[in-house]
Amino acid sequence: MLRGFRWQFFAFIVAVVVFIAALLSRPSPQPAPPAATPQPTEVVQQVTDNSVIPTNAPEPTPADTTNANPQSPAQAATDNIPTYREALIGSVQRLNPLLAGLNPVDRDIISLIFEGLMRSNEYGEPQPALARSQPVISSDGLEYVLELRNDVLWQDGTPFTADDVVFTVSMLSAADFPGPEEVGRFWRTVEVEKISDTLVRFRLAQPLASFPEALQVGILPYHALQGTTAAQLASHPFNLTPVGTGPYQLEAMRGAGGQIQEISLRVAPVYRQRPEGQSGYAVERVMFRLYPNFEAVQQALTANEVDAYAVRERSERLPLLALPARFNTFTKIEPTVGFLIFNWANDTVAAFRDLQVRQALEIGLQRESIIERHLANQALPANSPLLEGSWAFNPNLTWPPYNPGEARNLLGRSDLEAVEVTPEATPESTAEATGASTGTPALLRFSILTPDEPSLVSVAQEIASQWAQLSVTVQVDAVDLNTYRTRLEAGDFQTALVELSKLGSADPDVYNFWHQGQYPDGDNYGGANDRTVSELLERGRREMNGTSRVTIYQQFQQQFVNRAVALPLYYPLYTFVVSQRISGVQLGFIASPPDRFRTIRDWVVSG
């Protein structure tokens, strides 16, 4: 049956014999060791002294190859690559922009690795980043259409597209999103649609003029995380081997004793190809060195182990000012305002609902002098509920002059009944009462809740002392920080010293703090209930025209003062100390600590 195929069969047998002979004569290759997949919970445990943790960063260009993984921190400082070294306090957890709000160390590092669709400029205004231009907004303010840049590559060479945006929003809006709760809650009200590879549409549940600022959240690469669920995001290997579109990419991690002690970033070759990366970025490498506490940071600065440090706590500022002259100090205000707030919702002092009472307390207080005496070199006096330097800040806000006589008249015309101050009203050792002496009638009596921090207790005590001249008796209720937070959130206070921060937002929308509908479930801790102010805040977040928004927020600031909703007291100072070997550093509006890197493109390393 096979007779007709004998020659074909014979040829097949010869071919098989030749193939087997070739295999037997080929030298056996040495098997490559399997690539270990780093696990966020295990990589740190594998770190040994001066070890280098491999990353999945793309291969550098040939000019960079010799220094792709410096062998040690000492060598890294002497390999002639312009290097900027900054101290951070804490530990690396997840280098993921969606989770960075959980850890300040991560937040600072990822700001150089990842980009958002928008970024903020030196005035806090949103500007295009991965977007090609400002969004096109529908007439009802509910839809935002963004055209994406088509010249952006991920650090592994993959093109950036709308798929990355859609994927990122799907993570943020997932019910099991493991990041900050308030972030997930917001993004669950937003729909996103891919129109094309370079066009996306967002649809909001209600108009929100500050939405472009929300688009500053870092975008994740879909191709690197495809198939990952939101629940898996927190433990994904990507968190220690990130790939972004930003100017710097992860170069190496080093550590000792089972802990990551240094993160090294290098200018990304693909970023050099972009128009904005073709010049500047003389700082070729950025090293973040991690320390357990501020004392260790001080020693590192003095020993010249690091070039810079940005304050995390108010108490750190004064020691930094005493550093050697080889350091320059840059100061801006933090994105925070310190207030004395009234509890409008507390029936024990219903008088705070009376406009005349609040106005009397406002003009009966010399706020500036209090801050200058007790928070010198720590804060500046605040004259507005908005941040100074913001594009909506009103520098010409009109305040009523200090007038204790008129304050007493206002209190006298208010519907207040004098109360007798008795010895039983004297507080225990953790608080202090200041006011009319025992047996003297007081028109008003209440307490100021404050964290038990010496400078803030001093501020509260002087406020109490000044108001004593108005026949008002005030008790300073200083408690530990945990108790303070619990009582503040529960509304268990009469007045309180409160620092309100927008958590990295530069937009003037302070709806959550002062709108009457944000009590009790929002951040309106004192239940401020002023309809005039609330209406302005509603208009401010609906208005899409920037010029009109400025007018609205200037009106809001004036009405806030006129109606004495609360008393702005101070802006905490943000301090950044940098060695003189780093030049070109400039600070604009600081909405979030990573904004200190806004001008890193212009920094130069010398010496």
Side-chain angles (χ1 to χ4, degrees), residues 47 49-51 70-92 103-109 111-112 251-265 282-332 334 375-379 453-455 572-587 590 593-597 599-600 603-607:
V47 178
D49 290 350
N50 292 331
S51 64
Q71 288 74 24
S72 70
Q75 288 176 333
T78 59
D79 61 6
N80 296 321
I81 293 177
T83 300
Y84 164 78
R85 306 161 300 168
E86 182 171 315
L88 298 176
I89 296 177
S91 61
V92 174
N103 181 22
V105 169
D106 298 341
R107 177 196 61 199
D108 288 344
I109 297 171
S111 69
L112 297 175
E251 181 182 45
M253 297 182 184
R254 302 178 186 86
Q259 295 293 325
I260 295 175
Q261 294 185 332
E262 184 177 276
I263 297 284
S264 177
L265 308 182
V283 175
E284 177 70 21
R285 176 183 290 137
V286 175
M287 279 186 178
F288 292 100
R289 292 184 175 171
L290 308 175
Y291 296 90
N293 51 50
F294 179 62
E295 289 72 21
V297 169
Q298 285 180 282
Q299 294 174 9
L301 288 165
T302 303
N304 202 32
E305 293 177 7
V306 292
D307 300 308
Y309 176 70
V311 297
R312 291 265 295 274
E313 304 291 341
R314 185 182 298 121
S315 60
E316 298 172 354
R317 176 171 162 78
L318 292 180
L320 290 178
L321 296 178
L323 284 172
R326 66 175 182 271
F327 288 95
N328 292 322
T329 301
F330 299 87
T331 300
K332 288 289 183 177
E334 287 185 10
L375 289 175
N377 286 318
Q378 299 180 64
E453 180 181 320
S455 58
L573 291 176
Y574 175 84
T575 303
F576 184 36
V577 294
V578 185
S579 168
Q580 291 181 353
R581 67 185 289 269
I582 310 297
S583 59
V585 178
Q586 294 184 6
L587 295 186
I590 299 292
D595 285 344
R596 66 186 182 273
F597 300 124
T599 62
I600 196 170
W603 296 6
V604 176
V605 180
S606 60

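Just so you know, these numbers use all the heavy atoms, side chains as well, and skip hydrogens, waters and symmetry mates.
- In this structure, the side chain of Q586 does not engage the main chain of I600 through any donor-acceptor pair within 3.5 Å.
- Between the side chain of R289 and the main chain of E305, a donor-acceptor pair closer than 3.5 Å is present.
- Aromatic ring pairs are classed by plane angle as parallel below 30°, tilted from 30° to 60° and perpendicular above 60°; the pair W603 and F597 is tilted.
- No salt bridge links R314 with E334; every basic N to acidic carboxylate O contact stays at or beyond 4.0 Å.
- The two residues Q580 and A325 make their nearest non-hydrogen contact at NE2-O, 2.9 Å.
- Distance alone, capped at 3.5 Å, is enough to place a donor-acceptor pair between the N103 side chain and the S91 backbone.
- S111 places no side-chain N or O within donor-acceptor distance of the main-chain N or O of I109, the cut-off being under 3.5 Å.
- Atom CG of N377 and atom OG of S455 lie 12.0 Å apart (nearest 0.5 Å).
- A pairwise comparison of heavy atoms in I582 and V578 identifies CB-CG1, 3.6 Å as the closest pair.
- Formation of a donor-acceptor pair under 3.5 Å by the R312 side chain with backbone atoms of I89 is found in this model.
- Across all non-hydrogen atoms, the minimal contact from T302 to R326 is O-NH2, 2.6 Å.
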Would you check, one step at a time, whether the test side chain to side chain contact (heavy atoms under 4.5 Å, CB included) holds for V92 with D106? CA-CA 6 Å; V92 174; D106 298 341; 3.9 Å; yes

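- Around the CD atom of E295, the shell of radius 6.0 Å holds more than 12 heavy atoms that belong to other residues, nucleotides or ligands.
- Atoms CE and CZ, from M287 and R254 in turn, are 5.0 Å apart once rounded to the nearest 0.5 Å.
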Dump the intermediate steps for salt bridge (charged side-chain N to carboxylate O under 4.0 Å, His left out) on R596 and D108, then the final yes or no. CA-CA 9 Å; R596 66 186 182 273; D108 288 344; 3.1 Å; yes

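- Considering every non-hydrogen atom in both S315 and P319, the closest pair reads O-CD, 3.3 Å.
- Legend: residues meeting salt bridge (charged side-chain N to carboxylate O under 4.0 Å, His left out) with D307, ordered by chain and number and at least two apart, are R85, R581.
- Of all heavy-atom pairs spanning L88 and F288, the tightest one is CD1-CD2, 3.5 Å.
- Here the side chains of E262 and M253 are not in contact, with every heavy-atom distance at 4.5 Å or above.
- Atom CG of L301 is separated from atom OG of S579 by 9.5 Å, given to the nearest 0.5 angstrom.
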Please walk me through it: do R317 and L573 pass side chain to side chain contact (heavy atoms under 4.5 Å, CB included)? CA-CA 8 Å; R317 176 171 162 78; L573 291 176; 3.6 Å; yes

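- When each of L323, L320, T575 is checked for a side-chain contact (heavy atoms from CB on, under 4.5 Å) with T329, only T575 meets the rule.
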I would like to know whether L290 and V105 meet side chain to side chain contact (heavy atoms under 4.5 Å, CB included); could you show each step before the answer? CA-CA 9 Å; L290 308 175; V105 169; 3.9 Å; yes

Determine whether Y84 and E284 satisfy the following criterion, side chain to side chain contact (heavy atoms under 4.5 Å, CB included), listing intermediate values before the conclusion. CA-CA 8 Å; Y84 164 78; E284 177 70 21; over 6 Å; no

Residue pair R285, E251: steps toward the salt bridge (charged side-chain N to carboxylate O under 4.0 Å, His left out) verdict: CA-CA 9 Å; R285 176 183 290 137; E251 181 182 45; 2.9 Å; yes

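- The side-chain contact (heavy atoms from CB on, under 4.5 Å) with F576 is formed by just one residue from the set N328, T331, V585, V311; it is V585.
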List the steps and the verdict of side-chain hydrogen bond (donor to acceptor under 3.5 Å, both in side chains) for Y291 and Q261. CA-CA 7 Å; Y291 296 90; Q261 294 185 332; over 6 Å; no

